[in-house]
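I have placed the structure first, in the form of structure tokens, so that the comments after it can refer back to it.
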Amino acid sequence: MHDTATFERDSPTASQYFYHIAWYWHILTWLAVAGYLVLGDYLFNRSGYQGLWFRASFLLASISEFYLCYLLLYPHLLRSERLRWLLPGLLGAVLVFTGLRYGLDETLYPALLGFRNYTSDTTLVYYLRDNLYYSIPMLVLSAAVWAGQVVLRREYENKLLNTERRVAELAFLKTQINPHFLYNTLNMLYGLAYEDNGPLASGLLQLAELMRYMLRDTPDGLVALSQEIDYLEHYLALYRLRYTQQFCADMFVEGDSGGHRVAPLLLVPFVENALKHGVLDDPATPVRLRLRMQPGEVEFTVENHCHDCQTDTTSGIGLANLRRRLMLLYKNRHTLRVGFTGRVHVAYLRLLYETPPAFPGQP
């Protein structure tokens, strides 16, 4: 069974965790603020019945200003390319605060309740200046809360990535001896089969090259894209040995792979999935692999027709693992789409890497 979901770029675990925790605290905090204001009016009888209405309008305007900054202005404008819009945005938030108070205190309350907050001779300049004074704390508070949550979220994600890195390192150590033993054994079998059985020797050589690539390690965790392409070609060569009569899978490479470095084994899950579920012996419905390269960007598309009867109903662990790797290594710098276009299954991956992938444990 193919994976037809579209990958979400952000970390679902971290996002959901902080979403629920943050909103619990937001609700409790605003209830506490409202209770504090009401309790103060009750204990000190500052403005009586009318004061409660004014407190309600002030609280509503403050909440609106807070979340306008917290959800829209700071997340979207505190970036180098948009920073020039921050000051106009903050002025807009002040106007929202002032407009809500004016609409309630000076328009709705007089019409429905017969009283207003400011006297009728209050000038516009005084009104704007007074509300500017009361709106500033919400601008500062929303910035502090947003920045604090960003710091906590990054700390949580770093802990999560470090934990996953340790798990991966332990898993690698547990399996490190066996692949080396297998690789050396394949080389020995290739030497034995070279003289007597050419196809068998060729298959062993291709498999040995796959093993060599899987065991390769680099200081930055990246490999040349040309090596990834070689891996795919060896992988397809092994399949051609299985389908001695006809093997209908084509790979097209567009662009120069020089200078491209990517995380290893990112592309093969697409190929595995297509060869597993695709029609491999019909020239009318071949598996098509297209790799397009340009500076700072790589696009990989795999298309295959599916068999009418699928005997394998597994959910595609390779693609599931790939989603997780992309989230960890190319967060916000990739696009992954997997699904059907008519009867053709299409998997599309786009990588952007103006900066190196953020590997677990790196700042």
Side-chain angles (χ1 to χ4, degrees), residues 3 6-7 9 80-81 183 202-203 205-241 247-276 278 280 283 285-305 318-319 321-339 341 344-360 362:
D3 185 348
T6 300
F7 180 69
R9 295 189 176 195
S80 58
E81 69 274 12
Y183 172 70
S202 177
L205 182 61
Q206 302 291 346
L207 186 56
E209 289 301 320
L210 295 182
M211 293 298 303
R212 184 197 300 274
Y213 182 75
M214 294 173 65
L215 292 172
R216 182 178 289 114
D217 192 17
T218 57
D220 61 355
L222 302 176
V223 297
L225 184 56
S226 59
Q227 296 174 346
E228 188 82 355
I229 296 173
D230 290 341
Y231 181 90
L232 295 181
E233 290 177 345
H234 290 310
Y235 192 86
L236 293 175
L238 281 177
Y239 260 83
R240 289 189 181 93
L241 292 176
F247 177 68
C248 302
D250 303 313
M251 184 166 70
F252 305 94
V253 179
E254 177 184 342
D256 184 8
S257 62
H260 290 271
R261 292 178 62 81
V262 297
L265 300 174
L266 277 183
L267 306 182
V268 71
F270 296 109
V271 183
E272 289 178 340
N273 199 54
L275 298 183
K276 179 179 180 182
L280 304 181
T285 58
V287 175
R288 297 189 183 276
L289 288 68
R290 295 184 179 90
L291 181 64
R292 188 175 70 89
M293 298 162 288
Q294 55 186 354
E297 179 180 336
V298 171
E299 289 183 323
F300 188 54
T301 306
V302 178
E303 300 176 355
N304 66 275
H305 290 72
L319 288 179
N321 290 339
L322 175 64
R323 293 178 185 277
R324 187 61 178 162
R325 289 189 69 203
L326 288 170
M327 187 277 293
L328 293 173
L329 305 179
Y330 292 91
K331 183 179 179 181
N332 297 326
R333 291 182 291 110
H334 76 276
T335 302
L336 174 61
R337 292 194 296 267
V338 181
T341 301
V344 180
H345 185 267
V346 181
Y348 170 82
L349 174 65
R350 179 172 180 254
L351 299 177
L352 300 175
Y353 49 92
E354 289 79 6
T355 56
F359 279 82
Q362 291 185 351

Minimum side-chain heavy-atom gap [X]-[Y] below 4.5 Å:
| X | Y | value |
| --- | --- | --- |
| Ile229 | Ser257 | yes |
| Leu351 | Leu266 | yes |
| Arg350 | Phe300 | no |
| Leu275 | Tyr235 | yes |
| Val338 | His345 | yes |
| Asp250 | Pro286 | yes |
| Asn304 | Val346 | no |
| Lys331 | Leu326 | no |

From [atom1] ([X]) to [atom2] ([Y]), nearest 0.5 Å:
| X | Y | atom1 | atom2 | result |
| --- | --- | --- | --- | --- |
| Gln294 | Asp256 | CD | CG | 12.5 Å |
| Glu233 | Met251 | CD | CE | 4.0 Å |
| Asn332 | Leu352 | CG | CG | 10.5 Å |
| Leu265 | Glu272 | CG | CD | 9.0 Å |
| Leu336 | Tyr348 | CG | OH | 10.5 Å |
| Thr301 | Leu291 | OG1 | CG | 9.0 Å |

Chi angles and distances behind the side chain to side chain contact (heavy atoms under 4.5 Å, CB included) call for Val268, Tyr231: CA-CA 8 Å; Val268 71; Tyr231 181 90; 3.5 Å; yes
Distance-minimising heavy-atom pair for Ala263 and Tyr330: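 Nearest heavy atoms, Ala263 then Tyr330: N-OH, 3.1 Å.
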Residues Leu329, His334; criterion side chain to side chain contact (heavy atoms under 4.5 Å, CB included); working and verdict: CA-CA 10 Å; Leu329 305 179; His334 76 276; over 6 Å; no
Residues forming a salt bridge (charged side-chain N to carboxylate O under 4.0 Å, His left out) with Arg292, sequence neighbours excluded: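 Residues passing salt bridge (charged side-chain N to carboxylate O under 4.0 Å, His left out) with Arg292: Glu297, Glu299.
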Glu228 side chain vs Leu267 backbone, donor-acceptor pair below 3.5 Å: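 It does hold such a pair.
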Full working for side chain to side chain contact (heavy atoms under 4.5 Å, CB included) between Thr335 and Leu349: CA-CA 6 Å; Thr335 302; Leu349 174 65; over 6 Å; no
Side chain to side chain contact (heavy atoms under 4.5 Å, CB included) between Val287 and Glu303, worked out: CA-CA 6 Å; Val287 175; Glu303 300 176 355; over 6 Å; no
